[in-house]
Every structure is written in structure tokens, then in C-alpha cells.
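What follows is a short report on a single structure.
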Amino acid sequence: MRLRELDLLRFLAASAVVFFHFTGFKGSGPWPEPALQMFPGMGVVTRYGYLGVDLFFVISGFVILMSAWGRGPGEFGISRVVRLMPAYWAGVLLGLGIYLVFGLGNGVPGLVLPNLTMLQAGLGLKNVDAVFWTLWVELHFYVLIGVLASIGITYRSCLVFMAVWTLGGVFADEADNKLLQVMLMPTWSPYFVAGMALYLMHRFGPTLLLWGYVGVSWLLAVHWSVWRTGHVFTTADEKVVAVAVTGIFAVMVLVATGRLRWLRWKGLTVLGALTYPLYLTHSQVALPLLKYVYPALERYAALGLAVAVSLAVAYAVHRLVERPGQRWMRERLREPARCSYAADHGILGGWGCSTGVVDGVRRNRTG
């Protein structure tokens, strides 16, 4: 059953990031001046919008474990590629187009090809869009879940996995081991572990042990979010950040324990579908738009236009790229498994496999 409350939370998280970039960001952005200076009144709240990413990661821990349950590593990997890549490629190519037409952004042709792999951060290269950094963090999580799926995802294996990940991250920091820090992401792992524990709570019911995982993850998340306040997001207040992170955990507890099941409006599914393309494209859409409409338009009118166009572009990417792209990729990526099944069962040409493909698979299997 689809949890529409998660669709709503995902959209709210993306909206928080959008308004952070448009009105609460202290650095250079789509405006000629820092957004926080242009919207000081709104910025009192929206400067904390970066915490939408923290909510994303807790939701990801919940949803990814839910989607991986009962799947092997291959099927899980295919599902993630199909889910992420079409809209992501659209975001990268949008950056290229904006750079070529307007000379804005980071869509330099030399960066586009490595960015299309989603591996650019590991290669030490710049992201076409700064928001892509979260996808590299997510990719680490997917690899770890793939390892868990290869072992077998059960209640018991999840408990062991979450304990090893949590303690391993703390030990990696204590030892100042760069390799383990990269692999285990101790600054972000508490969010994913909490999401996983909350999914287990949702699926099997709350237990003292699961509450313990959530509690430890909350303490670590507060620690790291406060640390980021002092080192990265220096305009934020540590106490407000701690309260906000606590609120993120609290609302996800409500989801896990079924307290938000009353949120069943079908339109929430549409909002959830817009979340990913909105997150990927809003910063790049705003660059040329605000350059040409501001200050001809008053700042709040320009802001409203930027938000509206960002939503429109996100909807277009979802309908015209993401949905058809996912259908196309799903069929192509699943074909090898179907061909293997066809070869094993002597079904020539089954499920779209040509006779030659089936024969090739059979030859490989028989030596």
C-alpha cells in the first residue's frame, strides 16, 4: 500500500530546499545578491530549509528498505537505476543547455559526461548542479543495501546490519579512517539507520530494541547537524537545528506508527512524483529566469514566478522524461533475467528475447 503521507513529506522536504536556495541561502545563487540578504524576513525561517535533506535521508532509509524487501541485489539495483537515472539525466542535460545558451551554471561540456554517470563526486569532479551531492550520498546507501540484499533481507539481518553500520561509523571517526568514513558516511548514516528502524517498526510493530535504534540515531543526528551548523551553515542557530531534527524524527515516528494514515488525498501522489525532478532542476531553472526578469519584476513577484516555473518544469520532466524513460529502461534492464529464464526453460524468443539471445544465454550457462 502506498504511503501518501510520505509523498507529502517528500514534497515538503523538496519545497524547504527550494525556498532555502531562493530565499535563505547566504552564498551566491540565482539572484544578483545573496538570497538571505534579499529576503531577510523569510530568511529567518527558510535559512533552515537545508534540513529538508535530513528529512529526505530518513525517508530514504524507510522507503529503500521497503522497496528492497524480498528482492535480490540485482533486482534491487535495477529498481534504483530505473528510478533515478531518467530524471537525473534530464537534470544534467538541462545544465548543459543552460550553459550553452546563457553561459550560466556549471554545465560545462567537459563535466557533463562524467556527471551522466553519477560518479563525478568520487572522481573529484564538480557537480553540474550543486544539489547532486545528495545523490552520491544516496548511492553509498544503495551499495550497502545491495550488500544486505545479497545476504538476505530479514528482520534479524537488518538488526545486525544497522548495529554494525552505526558502530562502524563511530569507530571510523574515532580511528580517523578515511576509507571507512567514505564507505560508512557517519555524518549521514544515523538518518538512514533511523529510517530503516522505523520501517521495521511500521512492518512488524514497535519494540524496545527498535526504539533504541531510533533513539541512538536521533542523538547522533542531532550531534552531526549541530556540528554542520558550526562548520557549514553558520547562519543557523544550533538550538533551532536540534529542535528541527527532533521534529523530523518525531514526524517519521508518526508515519511508522500509523498516526498519519488519515492523509489519503490522491493529489499527494502527484506531489510525491514532482519531488525528485523539482529537487534536481529548480536551481538551474532559476539562473536564466531571474537574470532576465529581475529587477524588472518586483522581488516577490520574481520569486513567485521562479517557484511556478520550477514546478512546471518538474511536472514536464516527470511526464515527458521520467515516466516514459522508466518504462523503457525497466524493460531493457530486465531482459537479461527474462532471457536467462527463457533459456533455462527452453522458451525460444520468450518475453521479447530473440532466438539468438536465448541461444547465447544457454551457451554461456552450459559452458
Side-chain angles (χ1 to χ4, degrees), residues 7-56 87 90-92 94-99 101-107 127-134 229 232-237 240-241 244 247-248 267-268 270-320:
D7 288 323
L8 174 60
L9 291 177
R10 289 173 64 235
F11 184 76
L12 291 177
S15 298
V17 173
V18 169
F19 279 97
F20 169 69
H21 287 145
F22 288 177
T23 67
F25 188 47
K26 69 173 183 178
S28 60
W31 303 95
E33 304 172 33
L36 190 57
Q37 294 181 21
M38 293 193 62
F39 298 92
M42 294 181 66
V44 171
V45 176
T46 58
R47 61 180 170 167
Y48 297 99
Y50 70 90
L51 293 170
V53 171
D54 299 50
L55 176 55
F56 270 134
V92 174
L94 174 65
L96 173 64
I98 289 173
Y99 180 82
V101 175
F102 302 101
L104 299 172
N106 299 320
N127 292 307
V128 166
D129 190 326
V131 301
F132 293 171
W133 73 268
T134 60
T229 302
V232 183
F233 301 101
T234 54
T235 61
D237 180 88
V240 175
V241 168
I248 287 170
L268 296 179
V270 177
L271 295 182
L274 292 180
T275 298
Y276 184 48
L278 175 64
Y279 179 79
L280 290 175
T281 61
H282 71 276
S283 292
Q284 299 187 93
V285 167
L287 285 174
L289 178 67
L290 294 178
K291 178 180 179 179
Y292 289 102
V293 304
Y294 178 81
L297 280 181
E298 187 270 337
R299 58 179 175 160
Y300 283 102
L303 172 63
L305 180 62
V307 172
V309 172
S310 296
L311 288 169
V313 170
Y315 183 77
V317 169
H318 171 63
R319 290 300 301 268
L320 303 178

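Numbers for residues simply follow the sequence, beginning at 1. Values below: all heavy atoms of this structure, side chains included; hydrogens, waters and symmetry mates excluded. Note that the structure is predicted; figures quoted are calculated from it, not measured.
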Ignoring hydrogens, what is the shortest heavy-atom contact between [X] and [Y]? Give both atom names and the distance.
X	Y	result
A16	G52	CB-CA, 4.4 Å
F39	R299	CZ-O, 3.8 Å
L278	A14	CD2-CB, 4.3 Å
L289	A306	CD2-CA, 3.5 Å
P277	T281	O-OG1, 2.7 Å
A236	V241	CB-CG2, 3.9 Å

Out of curiosity, [X] [atom1] to [Y] [atom2], how far, rounded to the nearest 0.5 Å?
X	Y	atom1	atom2	result
L51	T229	CG	OG1	7.5 Å
T46	F25	OG1	CZ	12.0 Å
F102	K291	CZ	NZ	9.0 Å
L290	M38	CG	CE	8.5 Å
T275	L8	OG1	CG	9.0 Å
L9	L55	CG	CG	5.5 Å

Between Y48 and F233, is the ring centroid distance below 6.0 Å?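 Aromatic pair excluded; centres sit 6.0 Å or further apart.
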Could you go step by step and tell me if T134 and F56 meet the side-chain contact (heavy atoms from CB on, under 4.5 Å) rule? CA-CA 9 Å; T134 60; F56 270 134; over 6 Å; no
Should [X] and [Y] count as side-chain neighbours, where that means a heavy-atom distance under 4.5 Å?
X	Y	result
L94	L280	no
Y279	V53	yes
I98	L104	yes
N106	D129	no
Y294	P32	yes

Given the rule in the side-chain contact (heavy atoms from CB on, under 4.5 Å) test, do Y300 and M42 qualify, once you have shown the distances and angles that lead to the verdict? CA-CA 11 Å; Y300 283 102; M42 294 181 66; 3.7 Å; yes
Is there a donor-acceptor pair closer than 3.5 Å between any side-chain N or O of Y50 and the backbone N or O of F20?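 Judged by distance alone, no pair lies under 3.5 Å.
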Determine yes or no for a side-chain-to-main-chain donor-acceptor pair under 3.5 angstrom, with Q284 supplying the side chain and G105 the backbone.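 Answer holds: no.
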Decide if atom CZ of F11 counts as having more than 12 heavy atoms of other residues, nucleotides or ligands within a radius under 6.0 Å.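 Check passes, neighbour count above 12.
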Parallel, tilted or perpendicular: ring planes of Y315 versus H318, cut at 30 and 60 degrees: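 Ring orientation, 0 to 90° scale: tilted.
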Listed partners of D54 passing salt bridge (Lys or Arg N to Asp or Glu O under 4.0 Å), at least two apart: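 Salt bridge (Lys or Arg N to Asp or Glu O under 4.0 Å) list for D54, sorted by chain: R228.
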Kindly write out the residues that satisfy salt bridge (Lys or Arg N to Asp or Glu O under 4.0 Å) with R47, not counting sequence neighbours, or none if the list is empty.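 Not a single residue meets the salt bridge (Lys or Arg N to Asp or Glu O under 4.0 Å) criterion with R47.
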Got a sec, which residues hit side-chain hydrogen bond (donor to acceptor under 3.5 Å, both in side chains) with S310, two or more places apart in sequence or on another chain?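 Testing S310 for side-chain hydrogen bond (donor to acceptor under 3.5 Å, both in side chains), a comparison that skips the adjacent residues, returns none.
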Pair F22-H282, side-chain contact (heavy atoms from CB on, under 4.5 Å): steps then yes or no: CA-CA 9 Å; F22 288 177; H282 71 276; 4.1 Å; yes
Before giving the answer on side-chain contact (heavy atoms from CB on, under 4.5 Å), spell out for F132 and V92 the whole-Å C-alpha distance, their side-chain angles and the decisive distance to 0.1 Å. CA-CA 9 Å; F132 293 171; V92 174; 3.8 Å; yes
